[in-house]
Amino acid sequence: ALPPGLPPALPPAPPLGLGGAPGLPPGVLPGRPAPPPMADDGAGEEPSAKRLRVDPSTGLMSEQDFKAHLDETLGGQAYTVKFQLPSEVSGGAVLSLSLIGEKELGLSVKELKQRLAEMDATLPQVNKFQLKSGVHGFLKDRLSLVHYNVKPGEVIEVSKKKR
């Protein structure tokens, strides 16, 4: 029983956004073709084991992921990085340093500088020179090349610290 003066009740309206006609899938109107299926871009999926996880704020993989990536790509071979020495000290020579195994991959930049100083006596004391990546700028002594995701064969510039 409706109060006097009100029109008879209408059937409930379909929920907004679904549209469609009876007997047709939602979103399909009579006389119009069905919309194409949504493309699967994989955005809602978990990252696969093969997909490299990169921190969006730094653009770097974690050290653990980068080491695993190196193991896959190098297959146990040496990880070689080149160091461009300053022209005023060593005539701009390039030293290659090969690192083998997990322990050597985790060496700090300071430990690598010590190795370089042992390889080339013309370099100043370890605390008097710095390493610079073309990608990441000056490398901090306490971090490793793996932290910076330095790729095999990449050239790191060696320069005197300016005070």
Co-membership, hydrophobic cluster, residues V94 and L99, 4.5 Å side-chain: no
Shared hydrophobic cluster for V109 and M119 (ILVMFWY, side-chain gaps under 4.5 Å): yes
Separation between CG of L74 and NE2 of H69, rounded to the nearest 0.5 Å: 8.5 Å
Cluster link L60 to L105, ILVMFWY, side chain under 4.5 Å: no
Partner residues of T73 under the side-chain hydrogen bond (donor to acceptor under 3.5 Å, both in side chains) criterion, sequence neighbours left out: none
Inter- and intrachain pairs under salt bridge (Lys or Arg N to Asp or Glu O under 4.0 Å), touching residues 145-160, at least two apart: none
Listing, residues 120-127 side-chain donor-acceptor contacts under 3.5 Å, not counting sequence neighbours, or none:
| from | atom 1 | to | atom 2 | distance (Å) |
| --- | --- | --- | --- | --- |
| D120 | OD1 | T122 | N | 2.8 |
| D120 | OD1 | T122 | OG1 | 2.3 |
| D120 | OD2 | S90 | OG | 3.1 |
| T122 | OG1 | S90 | OG | 2.5 |

Flag side-chain contact, heavy atom, 4.5 Å: L95 against V158: no
Criterion side chain to side chain contact (heavy atoms under 4.5 Å, CB included) on I156 and L112, from CA distance to verdict: CA-CA 11 Å; I156 304 292; L112 292 171; over 6 Å; no
Over 12 foreign heavy atoms within 6.0 Å of NZ, K110: no
By side-chain hydrogen bond (donor to acceptor under 3.5 Å, both in side chains) - contacts of Q114 (at least two apart): none
Contact list for residues 110-136, test ring-ring contact (aromatic ring centres under 6.0 Å, His included), sequence neighbours left out: H136-Y148
What side-chain donor-acceptor pairs closer than 3.5 Å can you find for residues 137-145, not counting sequence neighbours?
| from | atom 1 | to | atom 2 | distance (Å) |
| --- | --- | --- | --- | --- |
| D141 | OD1 | K113 | NZ | 3.0 |
| D141 | OD2 | K113 | NZ | 3.4 |
| S144 | OG | V146 | N | 3.4 |
| S144 | OG | H147 | N | 3.0 |

Residues forming a salt bridge (charged side-chain N to carboxylate O under 4.0 Å, His left out) with E104, sequence neighbours excluded: R115
May I have the list of side-chain donor-acceptor pairs in residues 77-85 shorter than 3.5 Å, sequence neighbours left out?
| from | atom 1 | to | atom 2 | distance (Å) |
| --- | --- | --- | --- | --- |
| Y79 | OH | V150 | O | 2.3 |
| T80 | OG1 | S98 | OG | 2.9 |
| Q84 | NE2 | G92 | O | 2.5 |

